[in-house]
Amino acid sequence: MPVIQVNQREVHIQELNKGAAETVLLVHGMFSNLSVYYFNIAPVLAAHFHVVMYDLKSHGMSERVLEGYDLNSMTDDLCALMDVLKLKKVHLAGYSFGGLIALKMAMRFPEKLGKLVVIEAPDPNDEKTRGIIDDYSREFLEHYVANFTDTTKVKMGKRQMERNHRMYEYLFYQTSIKEDMILESGFFSTPEMNTLEKDTLLLYGSASNCLQAGKQLHKLISRSDLIPLNGDHNIPIQEPEMVANIVAGFFKN
Amino acid sequence: MDAIATNKQLNNDEIFDLMKQFITEVIGEEFVEEMDITPQSSFTKDLEMDSIEIVSFSEKIKTHFGEQIDFTGWLSAMDLDQLINLNLEMIINYIHECQLSR
């Protein structure tokens, strides 16, 4: 199992088609893991690109870490990972919280990026999206799992529920994730957002609560296209094939 | 530890035992002891494996069989419903077919 050391911490990564000339790096969202890409999206991209997926800290099979969930720290982590993997430049795609990480990368390290795909990144200033990390409870977890995760179609068993409950409790009560997210509430208003010059593709669900954030980003980023797809915040799970093909086409051209 | 890629052809019972070994490594012996793993066991419903655990399981298969099979490619052709209903027998048959066609 590919677990590598990045800044003395264990990071779980998965790679496909290592020999390819260009690399696509995929960033998952909060409370999720790289499996959101692994089964359907990554293999389509791997027909043309070297694909790298990784689990964010305390997510999936990466090491638990108490602090550093702000976008500066998350992009520091991503840069360190690129250094370890000897990747000088990548195309970057991020989903939800991972989309915010991707945007922050484009602001801080434009020289390390080719093109940018942002899928369903929320506006951190929106109370509804932030509210999700304000009032955690067991009931919340059950609701969250039933509505917002890739296990929507399966009733979660006892072992899974316990496992997820432990992860959520850790993230909510022991790490700085809540405080760090609140500090990011002005992210869309930072001046750097206006000067972002990457070719950017914004993919949003037409029925998603985050669509408004997509429209906002489209206005802010001069070289961006916004494509609304059928679905809600879960489009990578609802329409994996379509998402994969659109992203592959965008990175290829 | 993951086994290294091997060229030995396995029969269906041997593949099943190997799958059971991989599942035990992924979810832990204490949980496997409570379960009756059969070829009909489905990953998500019966074995209660979540997607990141299925990633680990897939990695073990890829490491063991190496170039012999394109496991990720095979999985990628499935939609979410098919992945949810995936059971051991389907994987055993797939590996068996790959071995025959070599």
Side-chain angles (χ1 to χ4, degrees), chain A residues 1-3 12-17 28 31-47 51 53-56 58-62 145 149-167 231 234-242 244-245 248, chain B residues 1-5 21-37 41-64 66-67 69-87 90-91 94:
Chain A
M1 196 166 55
V3 173
H12 171 224
I13 63 159
Q14 290 289 340
E15 288 181 272
L16 298 174
N17 193 14
H28 69 76
F31 313 124
S32 176
N33 55 60
L34 60 77
S35 68
V36 74
Y37 298 116
Y38 183 88
F39 296 106
N40 296 107
I41 295 175
V44 173
L45 294 167
V51 178
M53 297 158 268
Y54 73 110
D55 281 336
L56 298 172
S58 306
H59 291 73
M61 292 188 285
S62 286
V145 163
T149 70
D150 53 350
T151 47
T152 306
K153 294 187 183 179
V154 196
K155 197 174 175 313
M156 200 178 264
K158 196 166 152 248
R159 185 176 69 85
Q160 279 314 329
M161 195 58 98
E162 287 303 320
R163 199 171 116 94
N164 277 280
H165 185 57
R166 278 199 303 273
M167 179 189 78
N234 293 303
I235 46 169
I237 289 122
Q238 291 160 340
E239 297 287 350
E241 215 171 306
M242 192 186 292
N245 286 319
Chain B
M1 281 300 288
D2 295 334
I4 49 158
Q21 180 200 319
F22 290 164
I23 291 164
T24 309
E25 287 169 8
V26 171
I27 68 175
E29 214 158 317
E30 71 268 36
F31 296 110
V32 171
E33 277 170 8
E34 295 169 10
M35 294 177 195
D36 179 24
I37 301 181
S41 301
S42 78
F43 282 85
T44 47
K45 204 162 154 279
D46 300 323
L47 304 179
E48 289 190 15
M49 286 168 77
D50 69 9
S51 40
I52 196 73
E53 289 172 329
I54 301 175
V55 171
S56 296
F57 174 80
S58 308
E59 282 309 297
K60 288 181 186 294
I61 291 188
K62 280 164 72 175
T63 309
H64 187 90
E67 300 281 299
I69 65 168
D70 175 17
F71 195 64
T72 321
W74 182 65
L75 287 178
S76 72
M78 296 186 187
D79 62 24
L80 187 62
D81 283 321
Q82 286 169 309
L83 270 178
I84 286 168
N85 292 318
L86 184 68
N87 69 21
M90 291 157 75
I91 298 181
Y94 171 68

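Scope of the values below: all heavy atoms of this structure, side chains included, with no hydrogens, waters or symmetry mates. Numbered from 1 within each chain, the chains take letters A, B, ... in sequence-line order.
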Item to check | chain B contact via A:Leu16 - side chain, backbone, both or neither, heavy atoms under 4.5 Å | outcome: side chain
Checklist entry - Do you know the tightest heavy-atom contact between A:Ile237 and A:Val36? => result CD1-CG2, 3.8 Å
Checklist entry - Is it the case that more than 12 heavy atoms not belonging to A:Met242 sit under 6.0 Å from its CE atom? => result no
Next on the checklist: At a 4.5 Å cut-off on heavy atoms, which part of B:Leu83 comes close to chain A: side chain, backbone, both, or neither?
Outcome noted: side chain
Checklist entry - Among A:Gln238, A:Glu241, A:Arg163, which has the most heavy-atom pairs under 4.5 Å with chain B? => result A:Arg163
Item to check | Note, A:His59 side chain near A:Ser32 side chain (heavy atom, < 4.5 Å) | outcome: no
Item to check | Pairwise side-chain contact, B:Glu59 with A:Tyr38, heavy-atom cut-off 4.5 Å (strictly under) | outcome: yes
Item to check | B:Met78, part contacting chain A, at a heavy-atom distance under 4.5 Å | outcome: backbone
